[in-house]
Student: 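Take a look at this one; I'll ask things after.
Residue numbers start at 1 and run along the sequence shown. Hydrogens, waters and symmetry mates play no part in the numbers below; they use all other heavy atoms, side chains included.
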Amino acid sequence: MTAAENVCYTLINVPSDSEPPSEVSLKADLEKGEIKAKTEALKKVIIMILNGEKLPGLLMTIIRFVLPLQDHTIKKLLLVFWEIVPKTTPDGKLLQEMILVCDAYRKDLQHPNEFIRGSTLRFLCKLKESELLEPLMPAIRACLEHRHSYVRRNAVLAIYTIYRNFEHLIPDAPELIHDFLVNEKDASCKRNAFMMLIHADQDRALDYLSTCIDQVHTFGDILQLVIVELIYKVCHANPSERARFIRCIYNLLQSSSPAVKYEAAGTLVTLSSAPTAIKAAAQCYIDLIIKESDNNVKLIVLDRLIELKEHPTHERVLQDLVMDILRVLSTPDLEVRKKTLQLALDLVSSRNVEELVIVLKKEVIKTNNVTEHEDTDKYRQLLVRTLHSCSVRFPDMAANVIPVLMEFLSDTNEAAAADVLEFVREAIQRFDNLRPLIIEKMLEVFHAIKTVKIYRGALWILGEYCSTKEDIQSVMTEVRRSLGEIPIVENEIKKETGEVKPEDEVSAAPAQKLVTEMGTYVTQSALSSSRPSKKEEDRPPLRSFLMDGDFYVAASLATTLTKVALRYVAIVQDKKKQNSFVAEAMLIMVTVLHLGKSSLPKKPITDDDVDRISLCLKVLSECSPLMNDIFNKECRKSLSHMLTVRLEEEKLSQKKESEKRNVTVQADDPISFMQLTAKNEMTSKEDQFQLSLLAAMGNTQRKEAADPLASKLNKVTQLTGFSDPVYAEAYVHVNQYDIVLDVLVVNQTSDTLQNCTLELATLGDLKLVEKPSPLTLAPHDFANIKANVKVASTENGIIFGNIVYDVSGAASDRNCVVLSDIHIDIMDYIQPASCTDAEFRQMWAEFEWENKVTVNTNITDLNEYLQHILKSTNMKCLTPEKALSGFCGFMAANLYARSIFGEDALANVSIEKPIHLGPEAPVNGHIRIRAKSQGMALSLGDKINLSQKKTNV
């Protein structure tokens, strides 16, 4: 029996604080009590038996006084009671009393109430004693002809379980169920019957399917799902049958049930790699994504599409469906849109890029028209990045995209505007033919830009790429327009004084004098209090940035003006015009400098910005050829070099991806013939149904067997010593949201240990799901106990506990063996991930928990230490390889990882090699970790502290 077919038993929650009742009081309630009292007593008996009590004296009482009752609640409780109660004597023979129970259940199987009949049949599926089942067989067979479908479908299940466990009791079961299936009309009964035939007699199931293969599309969805499973298993075991059933799978793609369509599409892909089959399956997946409202379903089906794309031969088929895939963008969920855009970008080719760009442009325009939603800005950002990637890969598209995107430079959302600006900067550097268009659009939107960061970037682009006399003059006009009337200080003071009321005019003159010369804080606050907010709104954008105290933009403006002035001098020969332009540029810088030194802005100018503006003034006053080269050539070279490096990195990562996907075959590889391959060797032909079911149950034995390094032995933790009376060791299996502890318990004594119980407790964000049941261990016997622990977040957890037991025949108290702690490693939940520099900086600013770890290691090489930390923490280094190459005595790198719970972890490594201490001196420095939750920041810090030193193996 496979792991997927294990019987699931009834679990009952036990209140831990209740006092266990005595056997005498329970007996009295069961004998003489009312129905309600009997019900409560029966519940207590069930709980006590589950906790390891035997209670043999109550068995006959229940048979005499409770079993004959017709109350439905009591009948349901009795089903649970008979499932858990010991039914055999110590030597393995059936108890005499069970004959009476058997007779009672034979009567229940003939009961006029269909619920009692059906629930009794369900109970019989759990019985493992053939002596109890044998007298009931005629009554079970009779239930197949009952008028109610609930009884019939449970009768099928009972017959299937009995046939599987005790074939001699009903040897003709497949024939009986086949005849039942032919005449049955109810969908659930047909499904159960067909499911039994698949597992018990596949040939009969195929015979039945062959007779009704043309009517499959009319069946209910539950039966269709089972038919898909049968076809998959038959074709998997015998590939020659594919032609017979593939048409049926095609028909099921049109089923009204989404579950059937999904399974049929998955089956079709595994059975056939023909382009028509892949296209039909992909089309079915796309329809499912669009029609299903649940975002989880959308993401699961999208993952299946992405898996299809990974296959080189399927990728070309999917390229023709890019426009259909883009229909998924109508979903409002950001995660679905993100995956869809990534998939579309991976599939884009010269054949479909034009249509893709048209759709994305429409989507971008739509985001501008919708009412602001929290994800609208992020979605716009995704669209901009996708269009950016398209334009870099297909330069012909850039001319269509840029005009639409540049409208968003004036957007209030800085993140989207910053992405547009980055795109424009790359486009203007790469595509010479687009420069006039970009400069023209930039000058159009320049005055409408609302955020200072975007304003700085736009200034830099205009200063760097305006090369004609007209463009340079246009830049100067836009700067003057954005700055307002100059000199700024005098203009601002005039505004202040001109708006003071007549009775306050006397005090206006000294205020003016104090502001310009003294600039004291008192006068500044008095002036600012008289400033109307309306005037602040009317200020031009650049002036409002400066009045807010942001003088970094002033330094950027000074650099831009210097560049365009030097270029203007080179273009225009007229000396008078040259001097006039340079003087105007210098006047603007000086008036900004004056404003920064006055007390009008909210914050004074910094020394760095003063130095920068002063330097620009000096360059313009001297106009030396060397400075001209530095300002107008070297800056652009730096950008060009950065873009080249980035392009190389992207090409390298794409090459690695394609190498991963391409299946390389060596010349001396053995050729595998399917007809000559043993079934257990068909590695590429694993049963997908079985694999998915095992994965859902957290059973990944196949993977572990394939990889000897990740075998179970590496995860075994010894819990007690070899000299303890009870030896215990645990295999810790981490399966995403839960941990399964498989504990081996060995009785090392010559005594029988009764009520041997594993008691566990947890520390951290762990929760024990159920209490392991007690065992009885014979001398030198062993047993396995399983316990499930739920995990809620990424932090270190500890499981601790003990084993308690009674020695048979001893009068002493319970014995106890304390177990070693099991430490749950945070690395099981952390996976390397990627993010952009901007996202990293944003998260770094937002996350409130920081853990600073001092480097304490015996590693002497900086790069070796970084690689050691990456390996120990499962984090990914975001700093490019080229930035880390070479040796300069120090290193700074950003690391990033994400947990399976969606939590982000950031780290910044700042390390140096103290050269003055000699070549063997170890690395020193700090690692700063930031995370949203305290647990994750502390756990990662502990992990780094534990693994910093390199051990020589």
Side-chain angles (χ1 to χ4, degrees), residues 3-4 6 8-9 11 13-14 16 691-707 709-720 726-746 756-775 783-803 817-832 872-874 897-903 905 931 933-940 942-943 946-947:
N6 286 342
C8 177
Y9 285 98
L11 291 172
N13 182 41
V14 184
S16 55
L691 280 179
S692 59
L693 198 52
L694 287 168
M697 295 170 68
N699 190 329
T700 51
Q701 288 167 339
R702 289 167 191 262
K703 285 184 185 173
E704 282 165 358
D707 184 4
L709 295 174
S711 67
K712 282 190 172 187
L713 292 175
N714 287 348
K715 295 184 178 179
V716 170
T717 308
Q718 188 177 332
L719 301 179
T720 64
V726 177
Y727 172 74
E729 63 181 30
Y731 162 60
V732 182
H733 175 67
V734 178
N735 178 43
Q736 198 149 345
Y737 298 112
D738 60 351
I739 298 166
V740 179
L741 294 181
D742 192 347
V743 184
L744 170 70
V745 181
V746 182
C756 184
T757 310
L758 175 68
E759 296 180 345
L760 296 173
T762 57
L763 192 69
D765 217 343
L766 303 173
K767 185 183 174 187
L768 194 66
V769 177
E770 63 199 82
K771 184 179 172 185
S773 52
L775 299 167
N784 280 65
I785 303 173
K786 285 197 176 180
N788 278 4
V789 179
K790 283 285 172 202
V791 188
S793 70
T794 315
E795 58 180 83
N796 286 336
I798 300 172
I799 302 171
F800 52 92
N802 48 42
I803 292 176
V817 178
V818 179
L819 307 179
S820 302
D821 298 345
I822 302 171
H823 290 263
I824 303 303
D825 193 356
I826 186 177
M827 290 306 103
D828 289 318
Y829 312 119
I830 289 182
Q831 298 160 341
S872 309
T873 58
N874 268 6
R898 185 180 282 130
S899 76
I900 55 174
F901 306 103
E903 300 167 311
S933 64
Q934 183 187 18
M936 192 162 185
L938 292 174
S939 302
L940 258 180
D942 292 345
K943 183 69 186 173
L946 285 170
S947 59

Student: Give a yes or no on whether the backbone of Ala728 and the side-chain of Thr720 come within a donor-acceptor separation of less than 3.5 Å.
Tutor: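 Indeed, once roles are kept as given, a pair shorter than 3.5 Å links the two residues.
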Student: Is there a side-chain contact (heavy atoms from CB on, under 4.5 Å) between His823 and Thr717? Walk through the geometry before answering.
Tutor: CA-CA 9 Å; His823 290 263; Thr717 308; over 6 Å; no
Student: What residues form a salt bridge (charged side-chain N to carboxylate O under 4.0 Å, His left out) with Lys786, not counting sequence neighbours?
Tutor: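 Scan of Lys786 (salt bridge (charged side-chain N to carboxylate O under 4.0 Å, His left out), adjacent residues dropped) gives none.
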Student: Can you tell me how far CD1 of Ile739 sits from CG of Leu768, rounded to the nearest 0.5 angstrom?
Tutor: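 Atom-to-atom, Leu768:CG and Ile739:CD1 are 11.0 Å apart.
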Student: Of all heavy-atom pairs between Glu903 and Ser933, which one has the smallest distance, and what is that distance?
Tutor: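 Looking at all heavy atoms of both residues, the shortest contact is OE2-OG, 4.0 Å.
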Student: Roughly how far, to the nearest 0.5 Å, is the CG atom of Leu775 from the OG1 atom of Thr757?
Tutor: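 The CG atom of Leu775 is 7.5 Å from OG1 of Thr757, to the nearest 0.5 Å.
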Student: Could you grab the distance from atom CZ of Phe800 to atom CG of Leu760, nearest 0.5 Å is fine?
Tutor: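 Going from CZ on Phe800 over to CG on Leu760, the span is 9.5 Å.
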Student: For residues Asn874 and Ala897, report the shortest heavy-atom separation together with the two atoms involved.
Tutor: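 Heavy atoms only, the tightest pair is O-CB, 4.1 Å.
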Student: Look up atom CG in Leu744 and atom OH in Tyr731, then write down how far apart they are to the nearest 0.5 Å.
Tutor: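 Atom-to-atom, Leu744:CG and Tyr731:OH are 14.5 Å apart.
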Student: So which atom in Asn802 and which in Val818 form the shortest heavy-atom distance, rounded to 0.1 Å?
Tutor: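 Taking Asn802 first and Val818 second, the nearest heavy atoms are CB-CA, 3.9 Å.
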Student: Excluding sequence neighbours, so at least two apart, what forms side-chain hydrogen bond (donor to acceptor under 3.5 Å, both in side chains) with Gln934?
Tutor: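 For Gln934 there are no side-chain hydrogen bond (donor to acceptor under 3.5 Å, both in side chains) partners, ignoring immediate neighbours.
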Student: How about Leu741 and Val732: do any of their side-chain heavy atoms sit closer than 4.5 Å?
Tutor: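 SC-SC contact between Leu741 and Val732 confirmed.
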Student: Looking only at non-hydrogen atoms, find the nearest pair between Leu758 and Leu819 and report the distance.
Tutor: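 Closest pair (atom of Leu758, atom of Leu819, distance): CD1-CD1, 3.6 Å.
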Student: Nearest 0.5 angstrom please: Asn788 CG to His733 NE2, how far?
Tutor: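 Asn788 atom CG to His733 atom NE2 measures 10.0 Å (nearest 0.5 Å).
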Student: On a heavy-atom basis, which atom in Ser947 and which in Ser872 lie closest, and how many Å separate them?
Tutor: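 Looks like OG-CB, 3.3 Å.
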Student: I'd like to check Thr873 versus Leu940 (side-chain heavy atoms, cut-off strictly below 4.5 Å). Are they in contact?
Tutor: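 The answer is yes, as the side chains (C-beta and beyond) meet within the 4.5 Å cut-off.
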